[in-house]
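To start, the structure itself, in structure tokens.
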Amino acid sequence: MSPDRELIRALAELRVPGEADSEERSWELVRSAYVERTPMRPPATGRRPAFAVAAGLALLAIGLSPAGAKVGDVISDVIGIGAEDAKPTLRSLPAAGELLVESGQGPWIVREDGSKRLLGEYDQASWSPHGLYVAVADGRELAAVDTVGNVRWTFPARGVVTDPRWAGDAADTRIAYRSGDDLRVIAGDGSPESDRLVARDVAPIAPAWRPIGFSKLGPPAANGFVLVYIDGAGKLQAVNTDTGVEVPLRRADRRRLPVSATGRAGADDRALSPDGSRVARLEHVGASDRLIVTERGGGGSVLFSAHGRLTGPTWSPDGRWLLLGWPAADQWLFIDADRPRHVVAFDHISEQFDPGDEGPAAFPSVSGWILPQR
């Protein structure tokens, strides 16, 4: 080896004192600048630079030196990368569990190995508490089907059924649903005599159940099946659905709803982590969306930013991964909530849930990610 090459190799391996700390500071600067940037519009070639930026930043965090380029130069270089590394087919999930996905053809169950099953031509769907059944809506009919699509029972509602939500344990369950503008609850076995009115003229927002539990603190009505919803005036309410008694609101009640408690248009989409310690929400900023995760104590951070609207988010059962939909890119993004630079992307999502249809496929939505207890 020539002396010049030996010198070059020695210089490349030389570590400057304090370099590791400087790399971390540089990464924080890069990340902050990326979040505040003006997103580029996708070029006509159909490439997706916003996702490539996230991947490029992960690489830069490893290789940026203490005496490296200015942050502005780095951002310019990263935006110009435009590499695509999304996998063409959804072959497996990054965490244990199964997805319930709503599409133009109806709800699908996606197994951990990526295999899929269409349950039927239903409008909406929701998991039962242990993943044994699915509550589905079809016009004015509420029904329960098993995970291969066999119908267990049906119930004719008084209005168009939307937003079914199932809660309970192995011994006793309830399904909340909207019938037209009214909020109603029925027992998990679909018995007609158990169907009852909870509230009239509620906001068009899915209700949420509190975790089933019992406590000596607070009124007895706060135990058992407590449903949180938004009334027609946009106010947050909580009620014991077995007794009809309104109960005091808790701080976590607002966090359980998929949108802000005002019910206003354009409110943030949000999801509570399985252990209740974090909230993931989408913030719409101009033509871009940001994924923000907030801790129970109030601190939050931006995990991802993209040009165009995002959908979701959905937590994995273990609370590690967040699933986002990116309709403009026709992608699903699985983002590691603890290591946000770790992103697993899948392409051509629409056609994977609309096989055989010659027309344009609607982008699917995720109704839940559960670890079945079968």
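Values reported hereafter were calculated over all heavy atoms of this structure, with side chains retained and with hydrogens, waters and symmetry mates removed.
- Contact annotation: the side chain of Thr314 never approaches that of Trp321 to less than 4.5 Å [non-hydrogen atoms, C-beta and beyond].
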inquiry  = Before you tell me yes or no, could you show the steps for Asp242 and Arg196 under salt bridge (charged side-chain N to carboxylate O under 4.0 Å, His left out), namely the whole-Å CA-CA distance, both residues' side-chain angles and the distance that decides it to 0.1 Å?
reply    = CA-CA 9 Å; Asp242 288 348; Arg196 66 182 62 189; 5.0 Å; no

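- A donor-acceptor pair under 3.5 Å links the side-chain atoms of Ser126 to the main chain of Pro164, judged by distance alone.
- The two residues Ser316 and Ala95 have their closest heavy-atom pair at CB-CB, 4.1 Å.
- Proximity of a side-chain donor or acceptor of Ser103 to a complementary backbone N or O of Gly106 within less than 3.5 Å is detected.
- Using a distance-only test at 3.5 Å, with no hydrogens or angles considered, a donor-acceptor pair links the side chain of Trp315 to the main chain of Ala271.
- For the pair Ile109/Lys116, no side-chain contact is recorded, criterion being any heavy-atom separation below 4.5 Å from C-beta on.
- Annotation: side chain of Arg281 is in contact with side chain of Thr294 (closest heavy-atom distance under 4.5 Å).
- Side-chain contact of Ser350 with Asp330: a donor-acceptor pair under 3.5 Å is present, judged by distance alone.
- Between Leu291 and Ile335, some side-chain heavy-atom pair lies under the 4.5 Å cut-off.
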message = Working note: Val293 + Val302, criterion side-chain contact (heavy atoms from CB on, under 4.5 Å); need CA distance, chi angles, decisive distance, verdict.
response = CA-CA 7 Å; Val293 171; Val302 177; over 6 Å; no

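- Asp231 places a side-chain N or O within 3.5 Å of a backbone atom of Lys235 that can act as its donor or acceptor partner.
- No continuous path of hydrophobic side-chain contacts links Leu371 to Leu322 [ILVMFWY only; heavy atoms under 4.5 Å].
- Between Lys87 and Asp347, no side-chain nitrogen of the basic residue sits less than 4.0 Å from a carboxylate oxygen of the acidic one, so the salt-bridge criterion is not met.
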key: ring-ring contact (aromatic ring centres under 6.0 Å, His included) between Trp166 and His130, intermediate numbers included   = CA-CA 10 Å; Trp166 209 325; His130 298 92; over 10 Å; no

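- Gln352 places a side-chain N or O within donor-acceptor distance of the main-chain N or O of Leu90, the cut-off being under 3.5 Å.
- The closest side-chain heavy-atom distance from Arg174 to Val185 is below 4.5 Å.
- The main-chain N or O of Glu141 is never found under 3.5 Å from a side-chain atom of Asp138 such that the two would form a donor-acceptor pair.
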ask   = Could you walk me through whether Phe346 and Trp326 pass the ring-ring contact (aromatic ring centres under 6.0 Å, His included) check?
value = CA-CA 10 Å; Phe346 294 95; Trp326 193 356; over 10 Å; no

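- Between Asp338 and Arg320 there is no salt bridge, since no side-chain nitrogen of the basic residue lies less than 4.0 Å from a carboxylate oxygen of the acidic one.
- Here the side chain of Ser92 pairs no donor or acceptor atom with the backbone of Asp113 at under 3.5 angstrom.
- Applying the ring-ring contact (aromatic ring centres under 6.0 Å, His included) rule to pairs touching residues 90-110 yields Trp108-Phe353, sequence neighbours excluded.
- Listed by chain and number, the residues in a side-chain hydrogen bond (donor to acceptor under 3.5 Å, both in side chains) with Gln105 are Asp354 (sequence neighbours excluded).
- Remark: Glu98 pairs with Arg111, Arg374 by the side-chain hydrogen bond (donor to acceptor under 3.5 Å, both in side chains) rule, at least two apart or across chains.
- Note that the CG atom of Leu303 and the CZ atom of Arg341 stand 11.0 Å from one another [nearest 0.5 Å].
- Residues forming a side-chain hydrogen bond (donor to acceptor under 3.5 Å, both in side chains) with Asp123 (at least two apart in sequence, or on another chain): none.
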query = What's the verdict on side-chain contact (heavy atoms from CB on, under 4.5 Å) for Leu249 and Arg251, showing C-alpha distance, side-chain angles and the deciding distance?
reply = CA-CA 7 Å; Leu249 293 171; Arg251 181 176 300 178; over 6 Å; no

Side chain to side chain donor-acceptor pair (under 3.5 Å) between Tyr177 and Asp182, intermediate numbers included = CA-CA 8 Å; Tyr177 68 98; Asp182 297 338; over 6 Å; no

Atom pairs and distances, side-chain donor-acceptor, residues 143-153, under 3.5 Å, sequence neighbours left out:
from	atom 1	to	atom 2	distance (Å)
Asp146	OD1	Val148	N	3.1
Asp146	OD1	Gly149	N	3.1
Asp146	OD1	Asn150	N	2.8
Asp146	OD2	Asn150	ND2	3.1
Trp153	NE1	Gly188	O	3.1

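- With hydrogens and angles ignored, the 3.5 Å screen pairs a side-chain donor or acceptor of Arg140 with a backbone N or O of Arg158.
- The shortest side-chain heavy-atom distance between Pro192 and Phe155 falls under the 4.5 Å cut-off.
- Checking side-chain atoms of Thr173 against main-chain N and O of Gly168 turns up no donor-acceptor pair under 3.5 Å.
- A 4.5 Å side-chain heavy-atom check between Pro364 and Ile349 finds at least one atom pair inside the cut-off.
- Across every non-hydrogen atom of Ile370 and Gly131, the tightest pair is CD1-N, 3.6 Å.
- Considering only heavy atoms from C-beta on, Pro313 comes within 4.5 Å of Leu282 through its side chain.
- In this structure, the side chain of Ser191 does not engage the main chain of Glu193 through any donor-acceptor pair within 3.5 Å.
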message = Go through it in stages, so that I can follow the logic: the residues are Trp332 and Leu324, the test is side-chain contact (heavy atoms from CB on, under 4.5 Å), and I'd like the CA-CA distance, side-chain angles, deciding distance and then a yes or no.
response = CA-CA 6 Å; Trp332 274 357; Leu324 295 181; over 6 Å; no

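- A salt bridge links Asp253 with Arg256: the distance from a Lys NZ or Arg NE/NH1/NH2 to an Asp or Glu carboxylate oxygen falls below 4.0 Å.
- With sequence neighbours left out, the salt bridge (Lys or Arg N to Asp or Glu O under 4.0 Å) criterion links Asp163 to Arg178.
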task = Quick one: do Thr311 and Phe363 satisfy side-chain contact (heavy atoms from CB on, under 4.5 Å)? Show the steps, please.
result = CA-CA 10 Å; Thr311 62; Phe363 192 78; 3.9 Å; yes

